[in-house]
Amino acid sequence: MTTQTDPQSKLAAYSNPERLVSTQWLAEHLGADNLVVLESNEDVLLYDTGHIPGALKLDWHLDLNDQLSRDYVDGERFAQVMGERGIGRDTTVVIYGDKSNWWATYAMWVMSLFGHEDVRILDGGRAKWVAEGRDLTTDVPTVTPVDYPVIERDDRTIRAFKQDVLEHLGQPMVDVRSPGEFSGELLSIPDYPQEGAMRGGHIPGAKSVPWGRAANEDGTFKSREELEEIYLGEQGLQPSDDVVAYCRIGERSSHTWFVLTHLLGFERVRNYDGSWTEWGNSVGVPVER
Amino acid sequence: MATQFTASTRTDDLPEAMAELAGEFHALEQKDRLQLLLELANDLPDLPERYDGRLGEMEKVDECQSPVFLAVEVDPDPERTVHLFISAAPEAPTTRGFAGILHESLDGLSAEEVLGVPDEAPYRFGLAEAVSPLRMRGMVGMLGRIKRQVRARTTLDERQ
């Protein structure tokens, strides 16, 4: 690691403590060499209302999704997105965002598809930084673009496609959506537009562990002990398990992917980004209610 | 499923204030369009006191990604002047900006003018590329609900 890690004791208990930083750590390291801070939100304008000084906007849809086919950007576009933000292959990137870091962990997951090594999440995200009364600015930093190599996206290690999920049936799977979506009463997040799927329910055999159970009220991640109690104790998952996580479009399951992979040290967790908007619309796939 | 609308620069079938605002957006580059949207978000008027603590009685716009509440009043004057009251959280500036566009464009118009606004009008501001088309459906939903409320209030009165 090029940038030192946050030695906070809560973080030290996690499997990969270098993947998380506290607001205090970030405040002390703003402006450090080879550190780039990115804000990734559900609301595309939120960054423009005020952001952490020096932070740059990374929009999940406009920057990380291909604008034509339902997929992520390719290596060339990814290199452009990173390079224009001054991010090189060895840059330490800290990501934070709204909604308890849904889109921050989503952005980390996409960066991990391209094997960017040093990506960290700000524990508590945007809400905690704001709640602590820390500095915000509307100044958008001027960036000197750098060259980011064109890397081929790895879709086999932490990403699952529909066919992978079909082959995975009967093995550990975590549905991180709300209980209403899991049971099939709702087709989307409560209070969100109820559209996007022809069928309600869940993938047969999936365990219902809503993403929010891994988060505290202030948006920070629960302690390792609390997380183990949920995923290992209550759900009976093992760090050696091959696990697939899904939600509606893959953002909330990125949060759980992060928890299982980096906080609890699971060896193989794949995010099924097609999630319910693909499964619930697919012809001939099994659905359980 | 939401109807798919195509972006357009046509403004001659929009009410004057809406056409002007659409023209302002089109005159700007993408990133400046976001700044204008943010200004409109900031300019969205607060709810008048009579709506304080009465969000439950307002119509909730389910198409938006974050809670938006809407109330429509129609005056008994000959024009049937329409007044819009919209509440959206500061943490959801895009949604507030959409509400701001509709408020700026439609508040104070006659019921007939509001009902004459094309359903795809939200795609006339050049915003789909700036915020992604996916996020536009919130504004389409808001406009649809405004028109429905205006229609309900005016046709109800005619029957009386």
Side-chain angles (χ1 to χ4, degrees), chain A residues 39-51 56-68 70 73 84 97-100 102-103 125-131 136 138-140 142 186-199 219 248-252 277 280-281, chain B residues 1-4 7 25 28-44 55-56 59-69 87-101 125 127-142 144-145:
Chain A
E39 176 164 337
S40 190
N41 295 320
E42 177 159 293
D43 192 303
V44 68
L45 261 188
L46 193 54
Y47 168 90
D48 303 87
T49 66
H51 49 82
L56 297 161
K57 173 157 71 174
L58 182 73
D59 186 60
W60 70 274
H61 198 260
L62 296 170
D63 297 318
L64 299 177
N65 279 214
D66 185 90
Q67 294 302 295
L68 199 53
R70 183 175 172 189
V73 292
E84 67 192 19
D98 63 356
K99 301 268 173 185
S100 302
W102 284 358
W103 301 101
R126 180 182 169 95
K128 185 158 194 281
W129 184 275
V130 172
L136 292 174
T138 53
D139 294 341
V140 177
T142 317
L186 298 174
L187 294 175
S188 185
I189 308 176
D191 299 333
Y192 274 56
Q194 295 301 311
E195 61 180 7
M198 302 292 286
R199 287 289 183 272
R248 194 179 70 93
I249 54 170
E251 87 289 32
R252 289 173 287 175
T277 49
N281 284 317
Chain B
M1 289 287 163
T3 317
Q4 290 292 315
F25 271 104
L28 298 170
E29 285 181 35
Q30 296 291 0
K31 68 175 183 358
D32 295 326
R33 287 179 197 174
L34 288 183
Q35 281 307 313
L36 180 54
L37 187 62
L38 188 55
E39 281 170 35
L40 287 154
N42 292 335
D43 291 347
L44 180 69
L55 289 185
E59 181 173 359
K60 189 160 179 295
V61 183
D62 290 327
E63 290 85 356
C64 290
Q65 291 189 328
S66 46
V68 176
F69 298 89
S87 166
E91 306 82 61
T94 303
T95 302
R96 271 187 78 87
F98 291 161
I101 289 178
F125 295 85
L127 279 167
E129 314 84 59
V131 302
S132 100
L134 181 90
R135 289 174 167 122
M136 293 304 298
R137 66 181 177 195
M139 191 166 158
V140 174
M142 241 184 279
R145 283 163 193 268

Exercise. Tell me, please, which residues at least two apart from E59(B) pass side chain to side chain donor-acceptor pair (under 3.5 Å).
Key: R145(B), R148(B), Q149(B)
Quiz item: What residues, two or more places apart in sequence or in another chain, satisfy side chain to side chain donor-acceptor pair (under 3.5 Å) together with T94(B)?
Solution: D43(A)
Quiz item: By a 4.5 Å heavy-atom criterion (distance strictly below it), what part of L62(A) contacts chain B: side chain, backbone, both, or neither?
Solution: side chain
Practice problem: Could you look at A130(B) and say if it's the side chain, the backbone, both or neither that has a heavy atom under 4.5 Å from chain A? | Solution: backbone
Exercise. Test V44(A) against R135(B) for side-chain contact (heavy atoms from CB on, under 4.5 Å), laying out the working first.
Key: CA-CA 9 Å; V44(A) 68; R135(B) 289 174 167 122; 3.5 Å; yes
Exercise. Output the distance between atom CG (D98(A)) and atom CD (E91(B)), rounded to the nearest 0.5 Å.
Key: 9.5 Å
Quiz item: CG of N65(A) to OG of S132(B): how many Å apart, nearest 0.5 Å?
Solution: 8.5 Å
Quiz item: Checking side-chain contact (heavy atoms from CB on, under 4.5 Å) for the pair L45(A)/L34(B): CA distance, chi angles, key distance, verdict?
Solution: CA-CA 7 Å; L45(A) 261 188; L34(B) 288 183; 3.9 Å; yes
Self-check item: Enclosure of R199(A) CZ (heavy-atom neighbours >12, cutoff 6.0 Å)
Solution: no
